[in-house]
Amino acid sequence: MAWEFNGKSPIFKQINDIIISKIIKGDYKSGEKLASVRDLAVEAGVNPNTMQRALSEIEGTGLLTTLRGDGRYITEDKELIGKFRQRFIEESTAEFLGKMRALDFSKDEIISIISKINM
Amino acid sequence: MLKKLYKHEFIGLYRVLLPLYGLLFALSGAVRLLSMIDVNNKVYDYINGLTVGLTGIMAVGLMFASFVLVIVNFYKSLLGKQGYLTFSLPFKAHSHIICKAVCGAVAAVTTIIAEFIALVIIFGGYDFFKELHIFFKTVFKTANDYFGTGKTTLICTEVVICALAVLLSNILMFFAAMAIGQQFKNKVLGAILSYFGIYFAIQTVMTVIMSLVPRILDGIMNSAPFAATQKYFALIFVIAAIQVIGYYLVANYFLSNKLNLE
Amino acid sequence: MDKILECRGLNKAYNGFPALNNINLSVAKGRIVGLLGPNGSGKTTLIKILTGLLTPNTGEILIDGKQIGPETKSIVSYLPDHNFLAPWRTVDGMVKYFADFYTDFDMSRADTMLDNLGIDRKAKIKTLSKGTQEKVALILIMSRRAKLYLLDEPIAGVDPATRDYILRTILSNYDSDSTIIISTHLISDVEQVLSDVVMINTGNLVVADTVDNLREKTGKSVDEYFREVFRC
């Protein structure tokens with residue numbers, strides 16, 4: 001099944017988010033070779049040019065590296081991945097807290113609810 | 001690649017014709033077999049009569065069917081839904097037109113041959129061929145006496161060439177009519193009307209020419225027998241050839257420039 | 001020649017009814033283009049002109065730098081929006097027919113796709129269901145290594161699974177040397193596959209841009225933008 005995209009932001013940005021998520025989560029393991037642009041495009045159900053653009057952008061962050069003639073690899077820099085992981089939880093939490101503050105939830109309420117959740 | 005075009009055209013025509021030829025031969029064979037049995041029986045007579053009747057219908061129907069097949073095949077593969085594929089092939093319109101005209105003529109000729117084979121199946125035998133041989137020998141001799149020695153072969157060749165030219169001109173006349181008719185909403189109606197249009201136009205032109213140049217007919221009628229045949233066949237051939245070229249150009253023009261698949 | 005298609009001043013009218021109005025269009029190689037517009041907007045007319053099935057009234061068209069004719073037909077692979085297969089041929093017969101006339105036909109690709117979809121090669125076309133016939137038609141067209149593919153409504157009227165297969169086939173056959181033009185009115189289904197869009201309305205070219213540009217400029221998906229432009 002193709003990846004899902006919404007109509008809000010450019011597709012290549014959404015692809016970035018999805019791939020970075022997979023790297024953070026470990027679906028794409030550090031040091032592993034990434035599938036070719038074409039294969040990824042088919043898997044995602046997107047135009048190969050769009051996939052190419054997305055991958056180039058991720059390369060810019062350092063999470064992906066290109067080895068001459070050998071394709072793309074996920075970085076071995078675990079620290080970098082850690083930074084992105086950290087940034088992801090910070091951004092998501094900030095968004096969540098923003099919503100909570102808008103409805104006047106207190107910090108204690110929020111912590112209490114979270115501690116009761118089974119993860 | 002042109003070879004492939006002809007190959008597929010032949011496949012398309014003969015996948016229908018060969019079974020029909022087979023049926024004709026089978027019926028002819030049945031007539032022959034039944035005629036060899038000598039039984040005095042009303043039922044037998046009915047069966048015999050029925051078989052002969054069927055064979056006769058088959059023989060006539062086959063001639064008709066062959067011609068209709070060529071026309072319908074042209075329509076279906078160029079102007080029907082399949083036309084989208086046919087015209088997407090890397091050929092110009094004229095390749096298709098010539099291919100279908102030539103293959104159509106070949107189909108007509110093989111049908112005539114098949115009819116003859118059917119006759120042979122029914123009547124063939126030593127006596128038959130002997131009679132046939134004597135018959136042709138006599139006809140040949142009489143013809144040679146009348147036209148001049150050795151001229152008969154030439155005349156026969158000319159007859160065949162003229163027949164082919166007339167055959168092609170008839171086939172292409174239908175093609176031209178269909179090419180004109182396909183521009184209109186109702187393609188079939190358009191084709192029928194175009195056909196009659198062309199037919200009457202040709203008749204008119206012929207009448208005009210014949211009346212304006214009476215010398216042509218006089219020239220033929222006042223010549224010695226052999227010279228007369230030469231002039232006659234030349235005339236027929238020229239008229240047919242001009243029509244062949246004319247219909248081809250018309251069909252090519254309309255299918256190249258005014259193509260209107262739905 | 002990096003442009004697969006160049007149209008200048010293209011006009012086509014049927015008995016005075018203007019189907020295409022002064023179309024100027026240029027398409028590069030290696031693109032997947034959506035040709036979008038309501039029914040009767042002129043999409044099919046444009047495609048038929050590109051395939052050589054229709055002659056324009058005026059205008060210059062070059063496909064890979066060549067005039068429309070047998071040369072362009074051998075590099076253009078066209079999928080009509082209705083059935084065009086000979087009912088009496090077998091699937092195998094149609095494959096051989098294509099291989100006979102198109103030097104760019106890739107037999108192994110056709111074999112793979114027919115196997116993937118479990119299509120009986122010995123079956124006569126007329127015995128196949130409508131959906132299967134459409135799949136066979138698509139396989140034949142996509143098995144050619146053409147420079148320009150023209151797909152007229154390839155996903156309309158097929159079930160979602162087939163639609164996915166068709167889009168996946170289009171993507172996996174993608175070649176940076178060839179261009180695919182998909183004419184459709186089902187935009188949301190194909191949007192993410194496209195790199196460019198061309199929108200036509202009543203014979204006029206309304207939009208010709210990349211999908212990324214359009215999304216950035218309008219802040220909307222192509223589907224949403226289309227609905228806006230063509231609101232009744």
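Reminder, nothing fancy here: chain letters follow the sequence lines and each chain counts from 1.
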Would you say the side chain of C:Phe98 lies within less than 4.5 Å of the side chain of B:Leu85, judging by non-hydrogen atoms?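 Side-chain contact under 4.5 Å: yes.
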At a heavy-atom separation under 4.5 Å, does C:Leu85 approach chain B through its side chain, its backbone, both, or neither?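 Backbone of C:Leu85 only, per the 4.5 Å heavy-atom cut-off to chain B.
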Which pair of heavy atoms, one from C:Leu54 and one from B:Leu259, lies closest together, and at what distance?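 Minimum heavy-atom separation between C:Leu54 and B:Leu259: CD1-O, 3.4 Å.
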At a 4.5 Å cut-off on heavy atoms, which part of B:Leu5 comes close to chain C: side chain, backbone, both, or neither?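 Both backbone and side chain.
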I'd like a table of the N/O donor-acceptor pairs between chain C and chain B - cut-off under 3.5 Å, distance only.
from	atom 1	to	atom 2	distance (Å)
C:Lys48	NZ	B:Tyr84	OH	3.1
C:Lys48	NZ	B:Leu261	O	3.0
C:Lys48	NZ	B:Glu262	O	3.2
C:Thr55	OG1	B:Asn257	O	2.7
C:Lys73	NZ	B:Phe87	O	2.8
C:Arg89	NH1	B:His8	ND1	3.4
C:Arg89	NH2	B:His8	ND1	3.4
C:Asp100	OD1	B:Lys4	NZ	3.4
C:Asp100	OD2	B:Lys7	NZ	3.0
C:Asp100	OD2	B:His8	NE2	2.8
C:Tyr102	OH	B:Ser88	O	3.0

If you tally heavy-atom pairs under 4.5 Å against chain B, which of C:Gly69, C:Gly52, C:Pro70 wins?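 Most heavy-atom pairs within the cutoff with chain B belong to C:Pro70.
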What pairs of residues pass the ring-ring contact (aromatic ring centres under 6.0 Å, His included) test when at least one of them lies in residues 24-43 of chain C, not counting sequence neighbours?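 For residues 24-43 of chain C: none.
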